Engineer: 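Sharing a structure, written as structure tokens. Questions coming.
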Amino acid sequence: MNKIIEYLFFSMISIVIIGSLAGALVDRPVFISYAYSGSMTPTISKGDVFFIDPFSRNPQVGDIIIFNADGKWTVHRVVAIVDDGYITKGDNNVATDQQSKKIPPIKRSQIGGKVITFRGKPIVIRGAGNYLQNNLSNRTKMVLAGILIILGTIAFAGDGNRGVRRKKRSKVMVIKFKTLYILASIFLLIMVASSMFVSWQIFPIEYTVTSAGGLREGWYLPGSVFTQNITVKNMNFYPMVYYISAQKPVIRISQNNFQLNSREERNIAVTIKSPEETSVYSTKVKVNSYLPLLPRSITTRLYKINSIAPVLAILLEISVFLASLYKVSGIGNEDIIRIRTKRSSLLKQLKQEVFRA
């Protein structure tokens with residue numbers, strides 16, 4: 001029974017990790033996300049982490065959904081259902097998303113899932129998104145991911161039959177150099193990809209377009225041009241190449257391609273032309289970062305194709321290097337770890353061997 005619970009636990013972790021990684025690859029929230037603005041306050045405040053059921057695509061009035069409108073993922077509540085789709089509204093907003101007629105009713109194909117609730121209230125971790133974004137270092141995130149991977153590997157490897165030779169009263173588990181090399185290579189590739197993905201940021205610039213522009217900070221007249229600054233900092237212990245992009249109404253970014261050394265930061269000016277319609281807006285500025293393992297010109301060309309393309313190229317480059325290193329090492333497929341144990345204590349001694357190493 002304990003084994004079943006253990007397998008279910010690590011299976012759930014694997015699904016969340018794989019789903020979240022897939023979400024990063026396709027630029028959409030999967031299983032878990034956090035609020036970038038206060039439009040759902042107090043139900044879901046800015047920075048609150050919430051959980052998503054990505055398989056729920058048929059919401060009812062009152063459900064909180066995640067949907068894509070104009071290339072931006074938004075978490076709002078369904079307030080009505082019409083022939084053309086769903087009418088949505090933030091709990092903290094005065095008007096619905098469709099009132100300005102810039103966002104048509106949300107179609108089912110635009111929905112990424114429904115926020116998971118308990119007794120009618122969403123399950124949230126208050127402020128965790130802000131903490132993860134601002135306080136938890138990238139190195140810590142990678143270490144935590146590595147611990148999960150190692151624990152999962154130990155848990156599932158213990159009962160495996162591959163590489164195990166049966167004897168009358170004992171088992172011999174044989175781990176070959178090739179197997180360990182492949183596992184280490186996969187772990188390295190995951191860490192390299194994670195070091196880039198966790199450094200990606202989205203800076204929401206919130207402002208209000210109103211005829212009373214200028215009376216308060218963040219209030220601007222329709223059609224006016226203003227500039228706000230964002231600060232990009234490299235929290236890693238190695239250099240990173242940064243690319244900054246944003247859609248309209250951003251008309252200019254002071255610098256959208258640069259390299260930062262460890263702990264170095266740079267202020268970037270983002271110039272925006274406010275829309276003609278009065279409303280509350282949130283413009284997202286995306287910051288993608290990559291390890292400087294490719295010539296800058298190649299990274300730039302790949303980035304223009306897709307923000308994921310440089311990551312795949314870097315992983316391919318490292319994979320080719322690791323494959324070449326294995327080939328020239330000449331070690332081959334020798335046995336490097338042998339564990340002789342009874343069946344009941346196989347998992348226990350394997351864990352001891354791993355932690356001793």
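None of the values given here were measured: they were computed from a predicted structure.
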Engineer: When the ring centroid of Y86 is compared with that of F67, is the distance short of 6.0 Å?
Structural biologist: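 Here the rings of F67 and Y86 have centres that are no less than 6.0 Å from each other.
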
Engineer: Suppose clustering is done on Ile, Leu, Val, Met, Phe, Trp and Tyr with side-chain heavy atoms closer than 4.5 Å. Which residues sit in the same group as V94?
Structural biologist: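 Its cluster partners, ordered by chain and number, are none at all.
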
Engineer: What's the verdict on side-chain hydrogen bond (donor to acceptor under 3.5 Å, both in side chains) for T231 and N267, showing C-alpha distance, side-chain angles and the deciding distance?
Structural biologist: CA-CA 5 Å; T231 301; N267 292 323; 2.7 Å; yes

Engineer: List in chain and number order the residues that pass side-chain hydrogen bond (donor to acceptor under 3.5 Å, both in side chains) with T96, two or more places apart in sequence or in another chain; answer none if no residue qualifies.
Structural biologist: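 Result, side-chain hydrogen bond (donor to acceptor under 3.5 Å, both in side chains) vs T96: none returned.
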
Engineer: Which value, rounded to the nearest 0.5 Å, describes the distance between M40 atom CE and T43 atom OG1?
Structural biologist: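 Answer rounded to 0.5 Å: 4.5 Å.
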
Engineer: Using the side-chain hydrogen bond (donor to acceptor under 3.5 Å, both in side chains) criterion, which residues pair with S282? Sequence neighbours excluded.
Structural biologist: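 Not a single residue meets the side-chain hydrogen bond (donor to acceptor under 3.5 Å, both in side chains) criterion with S282.
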
Engineer: Quick one: list whatever passes side-chain hydrogen bond (donor to acceptor under 3.5 Å, both in side chains) with R301, sequence neighbours left out.
Structural biologist: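 Checked R301 against side-chain hydrogen bond (donor to acceptor under 3.5 Å, both in side chains); zero matches.
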
Engineer: Show me the side-chain donor-acceptor pairs of residues 310-325 shorter than 3.5 Å, one per line, residues at least two apart or across chains.
Structural biologist:
| unit_1 | atom_1 | unit_2 | atom_2 | d |
| --- | --- | --- | --- | --- |
| S319 | OG | L315 | O | 2.8 |
| S324 | OG | V320 | O | 2.9 |

Engineer: In this structure, would V209 and V285 fall into the same cluster of hydrophobic residues linked by side-chain contacts under 4.5 Å?
Structural biologist: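 Linked within one cluster.
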
Engineer: Could you state the interatomic distance from CG (N256) to OH (Y303), rounded to the nearest 0.5 Å?
Structural biologist: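 Result: 8.0 Å between the selected atoms.
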
Engineer: Of all residues at least two apart in sequence or in a different chain, which pass the side chain to side chain contact (heavy atoms under 4.5 Å, CB included) check with T227?
Structural biologist: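 Listed in chain order: N229, A269, T271.
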
Engineer: For Q255, give me all partners under side-chain hydrogen bond (donor to acceptor under 3.5 Å, both in side chains), at least two apart in sequence or on another chain.
Structural biologist: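 If we apply the side-chain hydrogen bond (donor to acceptor under 3.5 Å, both in side chains) test to Q255, skipping adjacent residues, the hits are R266.
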
Engineer: NZ of K114 to CG of D63: how many Å apart, nearest 0.5 Å?
Structural biologist: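 Going from the NZ atom of K114 to the CG atom of D63 covers 4.0 Å.
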
Engineer: Going by heavy atoms in the side chains, are Y243 and W200 under 4.5 Å from each other?
Structural biologist: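 Sidechains of W200 and Y243: no contact.
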
Engineer: Quick one: list whatever passes ring pair (Phe, Tyr, Trp, His ring centres under 6.0 Å) with F258, sequence neighbours left out.
Structural biologist: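 If we apply the ring pair (Phe, Tyr, Trp, His ring centres under 6.0 Å) test to F258, skipping adjacent residues, the hits are Y242.
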
Engineer: Should we say atom NZ of K72 is surrounded by more than 12 heavy atoms from elsewhere, each under 6.0 Å from it?
Structural biologist: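 Check passes, neighbour count above 12.
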
Engineer: Measuring from R263:CZ to N234:CG, what's the distance to the nearest 0.5 Å?
Structural biologist: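 One finds 8.0 Å between CZ of R263 and CG of N234.
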
Engineer: Let me see the working for I125 and F51 under side-chain contact (heavy atoms from CB on, under 4.5 Å), right down to the final yes or no.
Structural biologist: CA-CA 9 Å; I125 305 177; F51 301 90; 3.9 Å; yes

Engineer: Rounded to the nearest 0.5 Å, how far apart are CD1 of I123 and NZ of K121?
Structural biologist: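 Going from CD1 on I123 over to NZ on K121, the span is 12.5 Å.
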
Engineer: Go through the steps to decide whether I230 and Q201 satisfy the test side-chain contact (heavy atoms from CB on, under 4.5 Å), and finish with yes or no.
Structural biologist: CA-CA 11 Å; I230 63 173; Q201 301 179 69; over 6 Å; no

Engineer: Verify the cluster assignment for I87 and I111: are they in a single hydrophobic cluster under the rule of side-chain heavy atoms below 4.5 Å apart?
Structural biologist: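 In one cluster with I87: I111, no.
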
Engineer: I need the E265 CD to M235 CE distance, nearest 0.5 Å.
Structural biologist: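 Between atom CD of E265 and atom CE of M235 there are 9.5 Å.
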
Engineer: Share the residues that join V225 in a hydrophobic cluster, the rule being Ile, Leu, Val, Met, Phe, Trp or Tyr side chains under 4.5 Å apart at the heavy-atom level.
Structural biologist: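 For the cluster that includes V225, the remaining residues are I251.
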
Engineer: In chain order, what residues pass the ring pair (Phe, Tyr, Trp, His ring centres under 6.0 Å) check against F203, with sequence neighbours excluded?
Structural biologist: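 Partners of F203 under the ring pair (Phe, Tyr, Trp, His ring centres under 6.0 Å) test: none.
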
Engineer: Using the side chain to side chain donor-acceptor pair (under 3.5 Å) rule, collect all pairs that involve residues 208-217, keeping only residues at least two apart or in two chains.
Structural biologist: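 Matches after skipping sequence neighbours: none remain.
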
Engineer: Is there a path from Y207 to I253 through hydrophobic residues (I, L, V, M, F, W, Y) whose side chains come within less than 4.5 Å of each other?
Structural biologist: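 Shared cluster, yes.
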
Engineer: Any pair with a residue in residues 75-94 that passes salt bridge (charged side-chain N to carboxylate O under 4.0 Å, His left out), sequence neighbours left out, goes on the list, sorted by first then second residue, please.
Structural biologist: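 Qualifying pairs: R77-D91.
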
Engineer: Report yes or no: do Y220 and L215 belong to one cluster of Ile/Leu/Val/Met/Phe/Trp/Tyr joined by side chain heavy-atom distances under 4.5 Å?
Structural biologist: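 Hydrophobic grouping puts Y220 apart from L215.
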
Engineer: For a 4.5 angstrom cut-off between non-hydrogen side-chain atoms, does P204 reach S37?
Structural biologist: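 No, too far: nothing below the 4.5 Å cut-off.
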
Engineer: Do V287 and F197 sit in the same hydrophobic cluster, where Ile, Leu, Val, Met, Phe, Trp and Tyr count as joined when their side-chain heavy atoms come under 4.5 Å apart?
Structural biologist: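 Cluster IDs for V287 and F197 match.
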
